[in-house]
Amino acid sequence: MTDYNNPARVRVAPSPTGHMHLATARTALYDYLLAKKTGGKFILRVEDTDIKRTVPGSEQEIMDGLRWLGLDYDEGPDIGGPFGPYRQTERRDIYQQHAKILVDKGRAYPCFCTPDRLEKMRQEQQNRKETYHYDGTCRRLSPDEAARRVANGEKHVIRFKMPQEGSTTAHDLLRGDIVIENKNIDDYVILKSDGLPTYHLAAMVDDHLMQITHVLRGSEWLSTFPLHVNVVRAFGWDEPEWVHLSLFLKPSGKGKLSKRDSEIAIKDGYSVFIKDMRDLGFIPEGVLNWIALMGWGVPEDDVMSLEEMIKRFSIDNLTASPAAINFAKLDHFNGTHIRLLPDPELAARIKPFFIKAGYSVKDDMLIKIVPLIRERLITLDDCVSFAGFFFEDVVEPNPDDLIAKGLDAKQSAAIARKAYEILSALPDLTHQVAEPPMRAYVEQSGLSANQVFGILRVATTGQKVSPPLFESMEIIGKEKSLERLKKAIEMLEKM
RNA sequence: GCCCCCAUCGUCUAGGGGCCCAGGACGAAGCCCUCUCAAGGCUUAAACUGGAGUUCGAAUCUCCAUGGGGGCACCA
């Protein structure tokens with residue numbers, strides 16, 4: 001059982017090597033929930049030690065993404081904090097000092113093997129169908145000789161000296177003890193020849209120095225978990241609590257979700273990148289609820305706000321098995337949370353989508369439209385296809401759509417003329433005023449409401465599917481509604 | 001190939017030895033409501049990977065097999 005009474009310090013530590021991914025968002029969410037639940041701190045640390053892979057703008061995208069989701073961090077590269085800097089390339093000296101500590105302790109050693117030699121060795125081992133492992137050439141160097149060569153300026157890396165005997169037991173909150181034979185763990189490079197650390201050093205040093213209490217990370221780290229535990233112990237530090245989260249799988253369930261999958265998803269209006277989510281019309285509440293439940297089992301009432309998630313979150317309810325992502329479920333949560341938004345809030349959120357589609361939005365009209373389309377939206381972007389016609393001067397219906405089901409153009413025109421007659425005689429077209437006489441007409445004409453209202457719908461909105469007819473005409477206004485109806489009559493008469 | 005992790009409806013999951021001929025959600029199908037489309041309500045189909053144990057009793061514990069996933073870099 002996890003103690004939720006002590007403030008936790010948790011961190012999300014993405015590397016700025018591309019677009020921010022769903023999995024990063026979920027780790028951040030759980031981190032955030034744990035921090036808030038315990039009154040602790042949620043920290044963003046940027047792991048940018050691989051200069052070659054660093055993508056400009058990526059760090060900003062991560063920060064924007066976290067804020068868009070509403071996962072505001074308490075400490076981070078742009079806002080600082082008591083344990084900074086929060087960008088690993090700015091902590092270079094710290095890692096070098098710590099690498100030296102390990103070397104002095106005899107727990108790490110300089111390695112002068114060239115990348116070429118290593119690559120050749122890898123090839124040979126592969127040919128012999130062996131697992132790649134460092135052959136220990138430099139491990140066998142005497143400390144004096146190694147020190148001399150380092151002093152001579154010879155190019156080198158620092159490797160961690162794994163014990164060659166025995167086994168390591170590492171404890172994970174979700175999976176219990178993980179035991180592995182030490183001989184199966186290589187002497188990993190912890191400090192590269194460019195002077196920057198690898199993850200194995202940097203993350204361990206930072207987590208300790210930043211007083212991280214719980215490390216939540218993807219289960220792709222499970223295989224190097226025992227190494228990390230050894231590094232921490234070599235320093236003589238206390239370990240944080242470790243939680244290896246389940247992986248996200250492709251929608252097919254075949255293989256780990258990768259950045260490539262976004263290219264496929266985008267064709268269907270989905271994405272695995274947070275920045276796309278926003279543009280596609282997904283809202284943070286929906287995305288959060290969706291990713292929260294992949295890897296976290298809640299018995300019932302699975303529609304939750306961030307606040308509710310904080311209340312209900314528990315590490316013990318996290319699941320260890322990989323989860324295939326399911327965009328249909330994202331639709332569901334997005335639609336559900338859209339329906340939960342108050343009118344003015346929803347209005348503010350859909351406005352940019354109308355504008356992006358080229359409409360000039362009138363706010364007074366927008367607020368009236370919101371209740372009509374709320375329960376019809378899966379994404380915010382859907383507002384355009386549902387309600388764009390409200391901001392249109394004229395609509396261009398497909399003539400064939402004006403013909404009611406089971407009737408011909410002539411009959412449809414007659415109905416339209418009658419409707420025009422009834423509606424134009426009314427003082428205004430509020431739905432309370434307009435609907436009763438039209439219902440009465442349907443009644444006495446022997447036609448179906450579907451037929452009559454269908455013609456009116458296509459005539460006034462220009463589309464076969466629309467928000468409720470009379471409520472829509474009310475917003476369009478009497479003048480414009482009749483104008484559109486008249487035009488439709490003309491179209492029908494020409495057929 | 002080697003090492004590690006995981007295993008309940010199509011998907012996400014509840015389940016901690018009897019409360020389970022297995023519950024919820026998404027999706028699917030049907031019905032109701034209905035001016036279209038939704039939303040909403042009701043209903044149905046749909047799962048404990050297999051085999052050995054342990055036990056009076058196993059979805060739950062153990063082992064093996066199988067399947068799935070991850071890792072095997074001077075990447076994170």
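Reminder, nothing fancy here: chain letters follow the sequence lines and each chain counts from 1.
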| message | Need one value for Pro371(A): base, sugar-phosphate or nothing, where a base atom within 4.0 Å counts as base even if backbone is also close, heavy atoms only. | response | nothing
| At under 4.0 Å between heavy atoms, what does Pro468(A) touch on the DNA or RNA strands: base, sugar-phosphate, or nothing? | base
| field | For C37(B), the Watson-Crick or wobble partner whose two distances fall under 3.5 Å | value | none
| request: May I ask you to check whether His244(A) and Phe225(A) place their ring centres under 6.0 Å from each other? | output: yes
| said: Could you check whether Glu421(A) pairs with Arg417(A) (Lys NZ or Arg NE/NH1/NH2 to Asp/Glu carboxylate O, under 4.0 Å)? | reply: no
| said: Under 4.0 Å, heavy atoms only, any strand: does Trp290(A) hit a base, just the sugar-phosphate, or nothing? | reply: nothing
| message | I'd like the P distance from C63(B) over to U43(B), given in whole Å. | response | 43 Å
| query | Between Glu300(A) and His133(A), which is nearer to the 5' end of RNA chain B once each is assigned its nearest nucleotide? | reply | Glu300(A)
| message | I'd like the P distance from A39(B) over to A76(B), given in whole Å. | response | 46 Å
| query | Any ion pair linking Asp207(A) and Arg11(A) (charged N to carboxylate O, less than 4.0 Å)? | reply | yes
| said: Both Pro467(A) and Lys52(A) contact RNA chain B. Taking the nearest nucleotide for each, which residue is further toward the 5' end? | reply: Pro467(A)
| task | For Lys464(A), check side chain to side chain contact (heavy atoms under 4.5 Å, CB included) against everything at least two apart and list the hits. | result | Asp401(A), Val458(A)
| Under 3.5 Å side-chain donor-acceptor pair for Asp206(A) and Tyr86(A) | no
| field | Whole-angstrom distance between A22(B) and C64(B), as gauged at atom C1' | value | 26 Å
| task | For Ser466(A), report the nucleic acid contact type (base, sugar-phosphate, nothing); a contact means any heavy atom under 4.0 Å. | result | base
| Which value, in whole Å, describes the distance between the C1' atoms of nucleotides U44(B) and G51(B)? | 34 Å
| task | State which residues pass ring pair (Phe, Tyr, Trp, His ring centres under 6.0 Å) with Tyr73(A); sequence neighbours excluded, sorted by chain then number. | result | none
| request: Identify, residue by residue, the members of residues 239-254 of chain A with a heavy atom below 4.0 Å from RNA chain B, and return them in order of residue number, or none. | output: Leu247(A), Lys254(A)
| query | When all nucleic acid strands are considered with a 4.0 Å heavy-atom cut-off, which category describes Val157(A): base, sugar-phosphate, or nothing? | reply | base
| task | Mind checking Tyr132(A) for me? I need base, sugar-phosphate or nothing, with any heavy atom below 4.0 Å counting as a touch. | result | sugar-phosphate
| query | What is the base-pairing partner of C2(B), counting Watson-Crick and G-U wobble geometry with both distances under 3.5 Å? | reply | G71(B)
| task | Answer with base, sugar-phosphate or nothing: what part of the nucleic acid does Thr49(A) contact at a heavy-atom distance below 4.0 Å? | result | sugar-phosphate
| said: At 4.0 Å (heavy atoms only), tell me whether Gly218(A) reaches a base, stays on the sugar-phosphate, or touches nothing. | reply: nothing
| message | Roughly how many Å apart are C5(B) and C61(B), using the P atom of each and rounding to a whole number? | response | 16 Å
| Whether Arg107(A) side chain and Arg233(A) backbone form a donor-acceptor pair below 3.5 Å | no
| said: Regarding Leu293(A), tell me which of base, sugar-phosphate or nothing describes its non-hydrogen contacts under 4.0 Å with the strands shown. | reply: sugar-phosphate
| Contact class for Gly454(A) (heavy atom, under 4.0 Å): base, sugar-phosphate, or nothing? | nothing
| query | Is the shortest distance from a Lys or Arg side-chain nitrogen in Lys311(A) or Glu308(A) to a carboxylate oxygen in the other one below 4.0 Å? | reply | no
| chain A contact limits on RNA chain B, taken 5' to 3' with a cut-off of 4.0 angstrom to heavy atoms | G1(B) to A76(B)
| task | Answer with base, sugar-phosphate or nothing: what part of the nucleic acid does Gln126(A) contact at a heavy-atom distance below 4.0 Å? | result | nothing
| task | Could you work out the separation of A58(B) and U49(B) based on their P atoms and round it to a whole Å? | result | 16 Å
| query | So which nucleotide does C61(B) pair with, by the Watson-Crick or G-U wobble rule with both distances under 3.5 Å? | reply | G53(B)
| field | salt bridge (charged side-chain N to carboxylate O under 4.0 Å, His left out) contacts touching residues 51-63 of chain A (sequence neighbours left out) | value | Asp50(A)-Arg53(A), Glu59(A)-Arg87(A)
| task | Could you check whether Ser321(A) gets within reach of a base, just the sugar-phosphate, or nothing at all, counting any heavy atom under 4.0 Å? | result | sugar-phosphate
| said: Which residues pass the ring pair (Phe, Tyr, Trp, His ring centres under 6.0 Å) test with Phe470(A), not counting sequence neighbours? | reply: Phe453(A)
| Who pairs with C21(B) - Watson-Crick or G-U, where each distance is under 3.5 Å | none
| request: Write down the distance separating the C1' atoms in A52(B) and G71(B), rounded off to the nearest Å. | output: 31 Å
| query | Which part of the nucleic acid does Gly335(A) contact within heavy-atom distance under 4.0 Å: base, sugar-phosphate only, or nothing? | reply | nothing
| request: Please state the C1' separation for the pair A59(B) and C74(B) - nearest whole angstrom. | output: 48 Å
| message | What I want to find out is whether Arg349(A) reaches Glu285(A) closely enough, with some N-O distance under 4.0 Å, to be called a salt bridge. | response | yes
| query | Under 4.0 angstrom, heavy atoms only, what part of the nucleic acid is Arg439(A) near: base, sugar-phosphate, or nothing? | reply | base
| Salt-bridge present (Asp186(A), Arg159(A); N to O < 4.0 Å) | no
| field | Pairing nucleotide - C26(B), Watson-Crick or G-U, each distance under 3.5 Å | value | G10(B)
